[in-house]
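Just below is one structure, and these are the notes that go with it.
The figures here come from the full heavy-atom set of this structure, side chains too, leaving out hydrogens, waters and symmetry mates. Just so we're on the same page: letters track the sequence lines, and every chain starts at 1.
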2 protein chains.
Amino acid sequence: MATLKEIGLELGLSPATVSRALNGFPEVSAKTRDRVREAAERLGYRANRNAQRLVSGRSGMVGMIVKTRADLRADQTFMEILMGLSAALADRDTDLVLAVDQGRDPVAAYRRMLERDMVDGFILNAPVMDDPRINFLREAGVPFVLHGRDRLDADYPFFTIDNYAVAAESVQLLAALGHKRIAFLNGPVLYSHAVRRRAGYLDAMARFGLPVAEGALTHDEPSEAAGYRQAVSLLAGQRGAPPTAFICSSTLLAEGVMRAAKDRRLSVPEDVSVMAHDDDLPLLRAISFTPALTVTRAPLREACIPVATALMDLIGGTDPAELQTLTRAELVVRDSTGPAPRNGDTPWP
Amino acid sequence: MATLKEIGLELGLSPATVSRALNGFPEVSAKTRDRVREAAERLGYRANRNAQRLVSGRSGMVGMIVKTRADLRADQTFMEILMGLSAALADRDTDLVLAVDQGRDPVAAYRRMLERDMVDGFILNAPVMDDPRINFLREAGVPFVLHGRDRLDADYPFFTIDNYAVAAESVQLLAALGHKRIAFLNGPVLYSHAVRRRAGYLDAMARFGLPVAEGALTHDEPSEAAGYRQAVSLLAGQRGAPPTAFICSSTLLAEGVMRAAKDRRLSVPEDVSVMAHDDDLPLLRAISFTPALTVTRAPLREACIPVATALMDLIGGTDPAELQTLTRAELVVRDSTGPAPRNGDTPWP
DNA sequence: CTGAAAGCGCTTACAG
DNA sequence: CTGAAAGCGCTTACAG
């Protein structure tokens, strides 16, 4: 590995000038800058990160703490986020330090990392309402960015989709197709995104004058098995007249709903419409469903760069208020949704 | 953060002596060592890793490159390994750098990390037979450790269970229970562990004088769906007389087999015995199956510390030949295996 | 526009 | 047994 000194020797320049040239300082002449860059390229120069970090006083690492929970989908979405964040942070010469939250105290793992001065900031995901981790980190004065948002009046940097709109727009699409009995299989109500989607669903149903039957709004883990279980029960009419449409908080749930419909010899979308929110996981393509699944689509992958960038900017001193992003999922209408069937004219009482 | 200098000032010692005391150099007097340690503790001293790395000339990071494959289980086992390795490496003050292997060239991602001098070594998992990554890294002279083994005469550091024995012992247990038609649902034959298990199964069957029907040995992805699919086909007698026992290369496959048996109103273990190899994933407990699953058990978690330690030792100069570990899975007999049923007396032709 | 110097926090020959 | 000194590779006031 070449060093600044070696490049300097080669060019008859001081290491200081080489450093400035490489870092794009304006006072360096264009000619010197170009010569230095050429030589650096030729000699395969790469800055020694440890030296840079030593002098800047930063660790060059950011932390992420994983909650171990019995949530099968967590693996898939989490892997997706993990890969995306690693890549985005690597572009900023920053490493991601992972730790597992083993215990009952939700902030213990954060406290430990902080005491060890290991990281320059944190990335949090899957917030619950009024997340205790957020209060802790705010008081500790540590930079952090949320993927998601634990309260509407958040004053910290975050990146999230509009989860209220996700549910409301799904209802709107189905209502426009004439559906009156629309079930919503939501995620665990623990998570703030599920709380927002719940509100979006209920408000939209009310706006269209559609009552919601007892049991038509469920909160369960995002798995194929849970989707199947809930759909079987609803389609059997165990909780009032069966729905003519299902909105699912994840494509895994939709898989289970499709299987339940098939078991009852109901065809999609003729007898029952199915749609889902789609994180766009590479291993679970909504477009590969039969029929292709209508979704509100928001690739998890696309959240990674903004989240990583926001954290780096925050550490660099940017005002947190400028680092809040609320985006919308894209409505992708495919073949799993259609006009309400004949027998679907009656709303729930 | 306290520094060596500050501790030295506090105690009237030089930073050099403080460094030696903290690093346990033998020439430091016991009294000085204790004083230094006490002061370090009191001041909350933590060595600055970047300074240590700068002076040692090491990056303090090791790389791991994930193959993105359409293998659902990969997520779960991979997460398990990832968490375990992060923790084990953190204990050695080393970070794990993750990258995703996007493309067709299996060594491209390794080459890139190497060129950037980013890591001191690599951890590889899920080897295929005569893995090209291994040849590449060996020629490049880079330290690496395998979780698994791509050939029997491996000359590099590895940690693996005896996969031949996993299959052979399973056959042995079932043969001792009087089973004669034993099917083996194996993983993708691409992977070396599947190749070894295949050999163990075939050899053991031969040793007990049991022919193997066409189609009784399958190679499929380790998923519940694949287990179900294979078991349905075998139990229907589509590939000769139905098996009276199933050995599964993963607990996910066993889940599918159990479901298939239930669908056919076969009870486990009265009508059919089921056993599996168990990586002991926290989200998929063999003991929670109904009936509790008989397994060859080898917690993935337990491989992480030896793998991480081996890599650190290798980087530290230990002879690779001393860093090869072959362990055995533990046979845990539970309730899903029992004596062969009446109709199971005839071996396959 | 460029250089000489100091310093980030640590380790380790070299002296004594 | 301990200290003074040099050095790892970089950055950045301070001079000129």
Side-chain angles (χ1 to χ4, degrees), chain A residues 1-37 39-40 43-61 92-95 116-120 315-317, chain B residues 1-37 39-40 43-61 92-95 116-120 315-317:
Chain A
M1 284 296 281
T3 65
L4 289 186
K5 201 161 116 188
E6 285 167 27
I7 298 178
L9 244 39
E10 175 98 1
L11 262 32
L13 288 170
S14 73
T17 300
V18 176
S19 169
R20 284 187 282 247
L22 256 17
N23 289 310
F25 279 46
E27 62 263 33
V28 179
S29 74
K31 192 177 145 201
T32 304
R33 184 176 12 86
D34 293 345
R35 284 177 61 217
V36 169
R37 295 219 165 138
L43 299 174
Y45 173 79
R46 297 246 100 216
N48 180 317
R49 281 196 207 176
N50 293 316
Q52 288 180 317
R53 290 171 181 179
L54 178 59
V55 73
S56 74
R58 290 200 190 137
S59 76
M61 305 194 283
R92 306 291 222 106
D93 277 350
T94 299
D95 297 316
R116 299 186 157 221
D117 243 351
M118 277 181 65
V119 295
D120 302 324
I315 292 170
Chain B
M1 285 294 282
T3 64
L4 289 186
K5 200 163 118 186
E6 286 167 26
I7 298 179
L9 245 37
E10 175 98 2
L11 262 33
L13 289 169
S14 73
T17 300
V18 176
S19 169
R20 283 188 281 248
L22 255 17
N23 289 308
F25 279 46
E27 62 263 33
V28 179
S29 75
K31 190 176 147 202
T32 304
R33 182 173 17 83
D34 292 346
R35 283 177 63 215
V36 168
R37 297 221 163 136
L43 299 175
Y45 172 79
R46 299 246 100 217
N48 180 316
R49 280 195 207 175
N50 293 315
Q52 287 180 316
R53 290 170 180 179
L54 178 59
V55 69
S56 75
R58 290 200 191 136
S59 75
M61 305 195 282
R92 305 291 222 104
D93 276 350
T94 299
D95 297 315
R116 299 186 157 220
D117 244 351
M118 277 181 64
V119 296
D120 301 325
I315 291 171

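Residue B/G12 is classed as a sugar-phosphate contact, given heavy-atom separations below 4.0 Å to backbone atoms only. Using a 4.0 Å heavy-atom distance criterion, A/N50 is classed as making no nucleic acid contact. Here A/E27 lies in heavy-atom contact (under 4.0 Å) with a base. At the heavy-atom level, A/T32 lies under 4.0 Å from the strands shown only through sugar-phosphate atoms.
At whole-Å resolution of the value, CZ in A/F25 and P in D/dC14 are 15 Å apart. We find that CG of A/L22 is positioned 15 Å from C1' of D/dT12, with the value rounded to whole Å. The separation between B/R35 atom CZ and D/dC1 atom P is 15 Å, rounded to whole Å. Between the C1' atom of C/dT11 and the CZ atom of B/R58 lies a distance of 13 Å, rounded to the nearest Å. One atom, CG of B/L13, and another, C1' of D/dA4, lie 14 Å apart when rounded to the nearest Å. Counting to the nearest Å, the C1' atom of D/dC10 and the CD1 atom of A/I7 are 12 Å from each other. Rounded to whole angstrom, the span from the NZ atom of B/K5 across to the C1' atom of D/dA4 amounts to 14 Å. Rounded to whole Å, atom C1' of D/dG9 lies 20 Å from atom CZ of B/R49.
The residue among A/T17 and B/L54 whose nearest nucleotide of DNA chain D lies closer to the 5′ end is B/L54. Where B/A47 and B/R20 meet DNA chain C, the nucleotide closest to each residue was compared, and B/A47 sits on the side nearer the 5' end.
Nearest nucleotide to the side chain of A/V28, out of C/dT11, C/dT2, D/dT11: C/dT2. Nearest nucleotide to the side chain of A/A51, out of C/dT11, D/dC10, D/dA4: D/dC10. Candidate nucleotides C/dC10, C/dG7, C/dT2 were compared by shortest atom distance to the side chain of B/T3, and C/dC10 ranks first.
For the residue pair A/L22 and A/A40, the shortest heavy atom distance occurs at CD1-CB, 4.0 Å.
A donor-acceptor distance shorter than 3.5 angstrom exists from the side chain of B/N48 to the backbone of B/N50, with no hydrogens or angles considered. Side-chain atoms of A/R53 come within 3.5 Å of backbone atoms of A/G60 as a donor-acceptor pair (strictly under, hydrogens ignored).
A sub-4.0 Å separation between OP1 or OP2 of D/dT11 and a side-chain N or O of A/S19 is present. In terms of phosphate contacts, B/Q52 brings a side-chain nitrogen or oxygen within less than 4.0 Å of OP1 or OP2 of C/dT11. Contact between the side-chain N/O atoms of B/N23 and the OP1/OP2 oxygens of C/dT11 is found at a separation under 4.0 Å.
Two residues are said to be in side-chain contact when any heavy atoms from C-beta on lie closer than 4.5 Å; B/S14 and B/T17 meet this criterion. The closest side-chain heavy-atom distance from B/L11 to B/V18 is not below 4.5 Å.
To the nearest 0.5 Å, the span separating CZ on B/R49 from CE on A/M61 amounts to 4.5 Å.
In this structure, D/dC14 forms a base pair with C/dG3, meeting either the Watson-Crick or the G-U wobble geometry with both donor-acceptor distances under 3.5 Å.
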